[in-house]
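Below is one structure, written out as structure tokens; the observations come after it.
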Amino acid sequence: MKYRIESNESGLDIKISEANDKQKLMQAFQECQEGRCSCPTQEYTKLGSLEIENDENLIYLKLRAKSNEQFDEAEISKCLEYTRGQVEGDQ
């Protein structure tokens, strides 16, 4: 799994490619979207909304922060690495 995080005024956009098990990855992101995120970070408390888009080759995540909150990209990277480990069985 490869990903690129782009910051903007309303939050973060993440593009994920080369996922080994896209279905499991989508399931993990849907759990976060539903409020059942298991990442070892407090960034989830800053999340106002999470949009997930999926096409043949990429997964797009649009994270929007709550009012007066800002995401820490390093912590979001940790969460993505944790999720990759969970999905690929490394952790």
Side-chain angles (χ1 to χ4, degrees):
M1 175 181 109
K2 291 185 179 181
Y3 59 87
R4 187 174 80 221
I5 301 172
E6 296 177 359
S7 181
N8 59 52
E9 62 278 351
S10 59
L12 299 175
D13 293 336
I14 303 170
K15 293 180 182 176
I16 299 169
S17 61
E18 299 181 31
N20 289 341
D21 192 334
K22 198 171 175 185
Q23 185 175 355
K24 282 186 180 180
L25 199 56
M26 285 295 296
Q27 182 179 354
F29 293 138
Q30 287 172 344
E31 288 174 4
C32 289
Q33 189 179 41
E34 295 168 359
R36 297 180 288 131
C37 191
S38 62
C39 293
T41 176
Q42 294 301 309
E43 291 302 289
Y44 189 78
T45 63
K46 301 176 183 179
L47 186 66
S49 68
L50 169 58
E51 293 179 37
I52 304 169
E53 296 178 18
N54 181 15
D55 71 21
E56 189 174 315
N57 300 312
L58 298 171
I59 298 172
Y60 299 95
L61 304 177
K62 295 181 181 182
L63 285 74
R64 299 299 173 246
K66 292 178 181 175
S67 182
N68 299 318
E69 294 283 359
Q70 187 173 3
F71 293 113
D72 181 334
E73 285 187 45
E75 290 296 309
I76 296 297
S77 288
K78 286 181 189 176
C79 188
L80 289 167
E81 292 298 328
Y82 173 82
T83 302
R84 174 187 5 216
Q86 293 294 100
V87 168
E88 295 178 359
D90 295 341
Q91 295 183 359

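The structure presented is a predicted model; accordingly, all values stated were derived computationally and were not measured. The figures here come from the full heavy-atom set of this structure, side chains too, leaving out hydrogens, waters and symmetry mates.
A donor-acceptor contact closer than 3.5 angstrom links the side chains of Glu81 and Tyr3.
Counting only heavy atoms from C-beta outward, the side chains of Ile76 and Leu12 approach each other to under 4.5 Å. Taking 4.5 Å as the limit, some side-chain heavy atom of Phe29 sits within range of a side-chain heavy atom of Leu80. Contact of the Met1 side chain with the Glu18 side chain is not registered, since no non-hydrogen atoms from C-beta on lie closer than 4.5 Å. In this structure, the side chains of Met26 and Ile59 come closer than 4.5 Å at one or more pairs of heavy atoms. For the pair Glu73/Ser7, a side-chain contact is recorded, criterion being any heavy-atom separation below 4.5 Å from C-beta on. A heavy-atom distance below 4.5 Å is not found between the side chains of Ile52 and Tyr60. Considering only heavy atoms from C-beta on, Thr41 stays 4.5 Å or farther from Tyr82 through its side chain. Side-chain contact between Glu53 and Lys62: present, with at least one pair of heavy atoms (C-beta onward) separated by less than 4.5 Å.
With rounding to the nearest 0.5 Å, the separation of CD in Glu43 from OG in Ser77 is 10.5 Å. Here the straight-line distance linking atom OG1 of Thr83 with atom CG of Leu25 works out to 7.5 Å at 0.5 Å rounding. Summarising the geometry, atom CD belonging to Gln30 is positioned 9.0 Å from atom CG belonging to Asn54; distances are rounded to the nearest 0.5 Å.
Residue Glu69 qualifies as enclosed at atom CD: its count of foreign heavy atoms under 6.0 Å is above 12. Atom CD of Glu6 has more than 12 heavy atoms from other residues, nucleotides or ligands within 6.0 Å. Within 6.0 Å of CD on Gln42 lie no more than 12 heavy atoms contributed by other residues, nucleotides or ligands. Annotation: Lys24, atom NZ; neighbour count of heavy atoms from other residues, nucleotides and ligands within 6.0 Å does not exceed 12.
Considering all non-hydrogen atoms of both residues, Glu34 and Tyr44 come closest at C-OH, 4.4 Å. Nearest heavy-atom pair across Asp21 and Val87 is O-CG1, 3.9 Å.
With hydrogens and angles disregarded, a donor-acceptor distance shorter than 3.5 Å links the side chain of Lys22 to the backbone of Glu56. Without hydrogens or angle criteria, Gln33 side chain to Leu50 main chain gives a donor-acceptor distance under 3.5 Å. Using modelled atom types, no side-chain atom of Lys66 and backbone atom of Gly48 make a donor-acceptor pair closer than 3.5 Å. Within the 3.5 Å criterion, the main-chain N or O of Ile16 finds no donor-acceptor partner in the side chain of Arg4.
At a threshold of 4.0 Å, the pair Arg64-Glu51 does not count as salt-bridged, since none of the basic side-chain nitrogens sits closer than that to a carboxylate oxygen.
Cys37 does not pair with Cys79 as a disulfide, the SG atoms being 2.5 Å or more apart.
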